[in-house]
Amino acid sequence: MEITYASPSFADLSSASMTSPATNTTSAATGTATSRPVRIIPLQHPNITRTSSSSSSSSPPPFPFSRWAMKLRRMTWIEWIEFFLPCMRWIRTYKWREYFQTDLMAGITVGVMLVPQSMSYAKLAGLQPIYGLYSGFVPLLVYGLFGSSRQLAVGPVALVSLLCSNVLSSITDPSSELYTELAILLALMVGIMECIMGILRLGWLIRFISHSVISGFTTSSAIIIGLSQAKYFLGYDVVNSSKIIPLVESIIAGAHKFKWQPFVMGSIMLAILLTMKHLGKSRKQLRFLRAAGPLTAVVLGTIFAKIFHPSSISLVGDIPQGLPTFSVPKAFGYAESLIPTAALITGVAILESVGIAKALAAKNGYELDSNQELVGLGVSNVLGSFFSAYPTTGSFSRSAVNNESGAKSGVSGIVSGIIVTCALLFFTPLFEYIPQCGLAAIVVSAVIGLVDYDEAIFLWRVDKKDFLLWTITSITTLFFGIEVGVLVGVGVSLAFVIHESANPHIAVLGRLPGTTVYRNVKQYPEAYTYNGIVIVRIDAPIYFANTSYIKDRLREYEIDFVNSTSRCPEVERIYFVILEMAPVTYIDSSAVQALKDLYQEYKLRGIQIAISNPSPEVLLTLSRSGVVDLIGKEWYFVRVHDAVQVCLQRVQNLKGVSNGSSRAPTLSEDKPSLFERLLKQRGENLSITDLESGNGRPPPSNNDKASHLEPLLPKQQ
């Protein structure tokens, strides 16, 4: 279906079709431009009724989670079981003969890696090593049932352990019983927050934290973690702090207490760990070495300590044997002071665990619901807190080992949990002789991979703004602490988001030669632009924060046109502003009011607004607010090209007089028209199409013209 505008030289295009043929004949006789039909695709406007009943029926439902609620109502009983027990998704399709052997080997590999790592991370958190084993017991088994990822390895991690130590040590002494109670309470709070965010589907909030912030934060945290373990290598106490200056000062101040025995032993263990990790990564046939590294270091250190009993090397000491008993977390009086830390750990869990889980799911060809994953992590933390576990989340290194070992389902996680159970039941007496420097070496070897200097180099090459964000986050984390670093990084990241949103990209468009496609004239300098018409594309939603910026830019384009030396001298100003609104996905009430003000402002200066290709949601908002009626439905178009055709005919006929229009400018009958003067000025026999396109070159021959190309202004046959 097409609409024909017969004579756009009139101020009211809708009345043009009522012009009599005699008028056109007279115009031709007097030398003024004759009307030519312009065929455009009609824009379908929404049918808005003014009655309250119709308005209420057409409005969207008020419930913000309506899609999710509708999905829940359509779920079958099997889907409900899978919703509460995600493990049923892989249990129903589990191939025992094919998958169980690989899951068993992967679970044993990760379990062997987890036992020494969990004790090391517990020491990093300021807890006794047994609590690391407790944290690798119940949470791992629970996640196997409630988690949706089939390869994610849950348990203690270095970053969360550092956060716990940093906050809890400022409340009480790490050697006190209250310290342990607060760590267990923190696990409960983190689990509740993760469950709430998963149920309310609020995981999207973390998207506002950019990758640059995470990279800078983890890099600085890794440095802090490494320095905090220096006391086990150097043989003397170092102040417990999350800031680099106090740590360095404490290390330098105690240099006279240095003991070479733990330093040599710790360095040898660290070298063994790094060598085995490198060989496991670089050579596929030796990948088992990566997982066996921590156990190898612990076994060698334990044998050495058991045989030689070195007095200068501190050992782990007595570790209780047996499984943890059920107990309700205590110290709820401190819950309010732990809320910020719990929120921070929850954010780290979402960024680290969910990110790893989604990457592994994509790699193994199954879908993963990030909100369901949050619920699984939350349930594992909540239930783990009743069995003396401190906060846990997904581990990047252990998850990578689990995936490389061929894990196919949550069975591997359950096997790892069984390995930890066996360690608690039978092997804790052997852990008494583990050197502290050996556990410190395991922590340092794990966090070395978190120092992401390659990312900083990449950001410097690609995006200086992201590099600045990385640098700010990294420096503030190093010098002002983890909490301040995260807050500053997130704040600056949000400031960048707000700045980009409040100052959206706006482009002036032109037509690509030989097409009806309109693109940014800065990107395509050869694109045709038109005298008296400005085509503007707004590449963002329009809302209260960016309306002033958009209005200012539109005024700048108007001033630039008036001051332009390349414009046609016969067209002294802008007559039309075409707004390409295809990229505009949303428009709020402030933007609606700004459009009304802009229309009135343009109307006083004789400028007409035309709107091209608005989305259904935007068009509905404009219709309900009365902007469609204010501007006029005839000024809404499906394509930019349709708007240009209509507007260009009006600019073409600016000096042509129609007797039926009282507002049209008049010219003397013997005075040549605008296009006749242009032709005479150039001294070339150019076609109207070339003048309209802005092309000063002679038109191609008919044989060279492609038949499928739509002419800009089709002449009347």
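Note that the structure is predicted; figures quoted are calculated from it, not measured.
- The line from CZ of R537 to CD1 of I578 is 14.0 Å long, rounded to the nearest 0.5 Å.
- Distance alone, capped at 3.5 Å, places no donor-acceptor pair between the S215 side chain and the H211 backbone.
- A 4.5 Å side-chain heavy-atom check between L579 and I609 finds at least one atom pair inside the cut-off.
- Distance alone, capped at 3.5 Å, places no donor-acceptor pair between the R553 side chain and the Y557 backbone.
- Partners of P504 under the side-chain contact (heavy atoms from CB on, under 4.5 Å) rule, at least two apart in sequence or in another chain, are A540, N546, Y549, I550.
- Here the side chain of Y602 pairs no donor or acceptor atom with the backbone of V577 at under 3.5 angstrom.
- Between K363 and Q151, every side-chain heavy-atom pair lies at or beyond the 4.5 Å cut-off.
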Please list every donor-acceptor pair under 3.5 Å in which a side-chain atom of residues 456-467 meets a protein atom from a residue at least two apart or in another chain.
residue	atom	partner	partner atom	Å
D463	OD1	K465	N	3.0
K464	NZ	W460	O	2.7
K465	NZ	E500	OE2	3.2

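- For the atom pair C647 SG and D642 CG, the distance stands at 10.5 Å (nearest 0.5 Å).
- Taking the side-chain contact (heavy atoms from CB on, under 4.5 Å) definition, one finds that S615 meets it with E617, V618, sequence neighbours left out.
- Contact record, L152 with E373: CD2-OE2, 3.2 Å, taken as the closest heavy-atom pair.
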**Message:** Go through it in stages, so that I can follow the logic: the residues are F576 and V644, the test is side chain to side chain contact (heavy atoms under 4.5 Å, CB included), and I'd like the CA-CA distance, side-chain angles, deciding distance and then a yes or no.
**Reply:** CA-CA 9 Å; F576 296 95; V644 169; over 6 Å; no
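- Summarising the local packing, NZ of K551 is surrounded by more than 12 heavy atoms from other residues, nucleotides or ligands at distances under 6.0 Å.
- Shown here are the side-chain contact (heavy atoms from CB on, under 4.5 Å) partners of A502, two or more places apart in sequence or in another chain: A545.
- In plain terms, the two heavy atoms of P513 and E526 that are nearest each other are CG-O, 3.7 Å.
- Residues Q608 and W635 have side chains in contact (heavy-atom distance under 4.5 Å, counting atoms from C-beta outward).
- For S353, the side chain to side chain donor-acceptor pair (under 3.5 Å) test picks out T393, with sequence neighbours left out.
- Counting heavy atoms from C-beta outward, V640 and N613 have side chains that stay 4.5 Å or more apart.
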Using distance only, find each side-chain donor-acceptor pair of residues 587-596 under 3.5 Å and give its atom names and separation, not counting sequence neighbours.
residue	atom	partner	partner atom	Å
D588	OD1	S590	N	3.3
D588	OD1	A591	N	2.9
D588	OD2	F544	N	3.0
Q593	NE2	D597	OD1	3.1
K596	NZ	S625	O	3.1

